[in-house]
Amino acid sequence: MHQEQRDLTRRLLREHDIDAALFAHPHSVTWLTGFTAPVQAGLNPFAGGPALVWYAGGRFTLFVSDVYAALAEPFSQEPDGAVVTYLGYTVDAPIDAPRHLRKALQARWLADGIGRASVGVEINDIPAAIYALLSEMSSKADLPQAVDGLLLPARMVKSAEEIEKLRANFRLTDIGHAAARAAVRPGVREIDIWTAAEAAIQQAAGQRVPVTNDCIVGYREINFTGWPLDLPVRAGDSVIVDLSTIQHGYWSDSCATYVAGEPSSLLRELHAVISATLAYGAGLLRPGAVASDIDRGLRKFIADAGYAPYTHHSGHGVGVSGHEAPRIVPYNREVLAPGMVIMLEPGIYFPGKTGLRLEDAFLITETGAEQLTQHDKGMTGAI
């Protein structure tokens with residue numbers, strides 16, 4: 001599980017002359033180990049902090065509260081992996097999971113004989129008490145050094161294992177879109193459409209799956225992003241439905257715009273323009289393409305059609321987070337490579353009146369791109 005990611009991390013640490021490292025960002029933890037906490041409503045109250053991954057001596061050790069022991073157990077079967085759990089919930093003493101986490105990490109540090117080794121730490125995400133512990137245990141000449149962002153470039157190109165996890169998530173969003181499309185009719189509310197999509201996804205997955213992003217009727221003043229509310233959909237209204245699922249620690253993304261009843265001539269025109277823009281953008285996706293060139297091309301395509309380009313990004317990578325590199329934005333000169341998974345999402349918006357956005361996912365191949373999302377992006381919902 002995620003062996004390629006750990007091998008690459010070893011090489012990166014050697015290149016930076018780092019002997020040991022502590023990774024604290026949730027995305028780093030998932031990328032390195034495959035572990036992800038089943039979190040929808042915040043960190044478990046019986047955890048001493050986020051899951052941590054300690055690297056030393058060629059091995060990776062995952063630190064989690066004992067409430068996650070079963071979920072973490074598969075990583076302990078990896079030849080270069082280990083799991084350390086610490087006391088979280090108990091009825092026998094006051095709950096003090098942070099202290100138990102510190103003690104567990106200190107014990108592993110001493111067992112690994114780190115001493116004056118060069119230690120890297122994802123400082124931006126590590127609990128302050130853990131950083132203080134590492135500082136105390138390091139010599140003043142060898143304080144922990146920040147390695148925040150070290151793994152980000154490596155995360156852009158997905159392994160075969162990661163791509164299969166992403167495909168499974170895109171299948172779920174395809175199911176969600178079919179349910180949302182069927183739910184769009186005059187008289188329903190945004191939240192009704194969202195609930196239909198979410199329920200279909202949960203039923204297909206056979207378990208609770210986080211679902212996020214947008215469900216917005218076109219007459220909203222801010223009508224390109226927003227949570228579903230108690231807002232009614234009227235005949236002829238556009239509804240942007242943008243769905244992401246999070247399963248196995250990986251995200252999907254996708255968007256379509258549906259219309260309650262018969263689309264107006266304006267919406268038909270917008271849909272034709274954005275469909276053509278998305279197809280044009282897909283044709284630009286290939287190894288060696290530059291992110292900012294793709295962004296510029298999509299915006300120009302819409303401007304040439306006589307419409308104001310959108311103010312948000314043209315797309316982004318997706319993986320252990322919903323938005324990761326490479327971002328398809330004006331400033332970014334990163335170059336596409338085989339194995340990257342890229343979202344493209346052009347749109348046209350008239351605040352307070354109507355809006356339309358379409359989004360697909362693409363796997364960059366050796367010769368071009370493979371479309372991963374298969375949801376029907378036609379406009380008409382149930383009538």
Side-chain angles (χ1 to χ4, degrees), residues 173 176-177 180-181 183-197 211-244 253-281 292 294-316 322-323 327-332 343-360 375 377-382:
T173 52
H177 274 289
R181 176 188 175 90
V184 174
R185 58 173 60 86
V188 302
R189 304 167 300 168
E190 291 173 335
I191 190 62
D192 298 325
I193 299 166
W194 182 265
T195 300
V211 183
T212 185
N213 290 2
D214 310 312
C215 185
I216 39 180
V217 67
Y219 62 73
R220 284 204 201 192
E221 194 59 36
I222 298 176
N223 65 353
F224 67 92
T225 186
W227 285 101
L229 301 174
D230 187 25
L231 294 175
V233 178
R234 308 164 306 189
D237 278 339
S238 62
V239 183
I240 292 175
V241 179
D242 194 318
L243 298 175
S244 285
D253 202 353
S254 57
C255 187
T257 303
Y258 307 115
V259 178
E262 189 67 23
S264 66
S265 59
L266 173 62
L267 279 171
R268 291 186 186 277
E269 168 68 13
L270 297 182
H271 192 272
V273 170
I274 294 303
S275 295
T277 306
L278 185 57
Y280 170 73
S292 59
I294 298 168
D295 179 88
R296 181 169 53 255
L298 267 64
R299 294 181 194 278
K300 184 177 185 300
F301 195 99
I302 291 176
D304 288 348
Y307 293 98
Y310 44 91
T311 58
H312 55 70
H313 50 260
S314 293
H316 53 88
H323 280 236
R327 297 186 69 206
I328 312 301
V329 289
Y331 69 81
N332 187 20
M343 309 302 307
L344 293 182
E345 50 180 318
I348 299 173
Y349 310 97
F350 295 91
K353 297 179 180 179
T354 195
L356 194 145
R357 180 168 74 250
L358 303 176
E359 181 180 25
D360 274 319
H375 58 295
K377 290 179 288 298
M379 283 189 295
T380 306

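The figures here come from the full heavy-atom set of this structure, side chains too, leaving out hydrogens, waters and symmetry mates. Since the structure is predicted, the reported quantities are computational estimates derived from the model, not experimental observations.
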> Is the closest side-chain heavy-atom distance between L231 and R220 below 4.5 Å?
Replying inline: yes
> For R327, what residues pass the salt bridge (charged side-chain N to carboxylate O under 4.0 Å, His left out) criterion, not counting sequence neighbours?
Replying inline: none
>> I'd like to know if the side chain of Y310 pairs up with that of R357 as donor and acceptor (distance under 3.5 Å, no hydrogens or angles considered).
In response: no
>> Please find the pair of heavy atoms, one from V184 and one from A260, that lie closest to each other, and give the distance.
In response: CG1-N, 3.7 Å
>> Quick check for you: to the nearest 0.5 Å, what is the distance between N223 atom CG and Y349 atom OH?
In response: 8.0 Å
> Under 6.0 Å between the ring centres of H271 and Y258?
Replying inline: no
> In chain order, what residues pass the salt bridge (charged side-chain N to carboxylate O under 4.0 Å, His left out) check against E359, with sequence neighbours excluded?
Replying inline: none
> Any side-chain donor paired with an acceptor under 3.5 Å for T212 and S244?
Replying inline: no
> Can you list the steps and then say if D214 with T225 is a side chain to side chain donor-acceptor pair (under 3.5 Å)?
Replying inline: CA-CA 6 Å; D214 310 312; T225 186; 2.8 Å; yes
> To the nearest 0.5 Å, what is the distance between OG (S314) and CD (E345)?
Replying inline: 8.5 Å
> How many angstroms lie between CH2 in W227 and CG in N213, if you round to the nearest 0.5 Å?
Replying inline: 8.0 Å
>> For a quick test of reading the model, state the closest non-hydrogen atom pair linking D242 to C255 and the distance between them.
In response: OD2-CB, 3.7 Å
> Should R268 and E262 count as an ion pair when the cut-off is N to O under 4.0 Å?
Replying inline: yes
> What is the minimum heavy-atom distance between W194 and L243, and which atoms define it?
Replying inline: CZ3-CD2, 3.5 Å
> Aromatic rings H177 and H375: how do their planes relate, parallel, tilted or perpendicular, breaks at 30° and 60°?
Replying inline: parallel
> Does any N or O in the side chain of S292 come within less than 3.5 Å of the main-chain N or O of N332, such that one atom is a donor and the other an acceptor?
Replying inline: yes
> In Å and rounded to the nearest 0.5 Å, what is the CG to OG1 distance from L270 to T257?
Replying inline: 9.5 Å
> Mind checking whether H313 and H316 have parallel, tilted or perpendicular rings, split at 30° and 60°?
Replying inline: perpendicular
>> K353 vs E221, test: salt bridge (Lys or Arg N to Asp or Glu O under 4.0 Å). Steps then yes/no.
In response: CA-CA 8 Å; K353 297 179 180 179; E221 194 59 36; over 6 Å; no
>> Applying salt bridge (charged side-chain N to carboxylate O under 4.0 Å, His left out), can you list everything that pairs with D253, at least two apart in sequence or on another chain?
In response: none
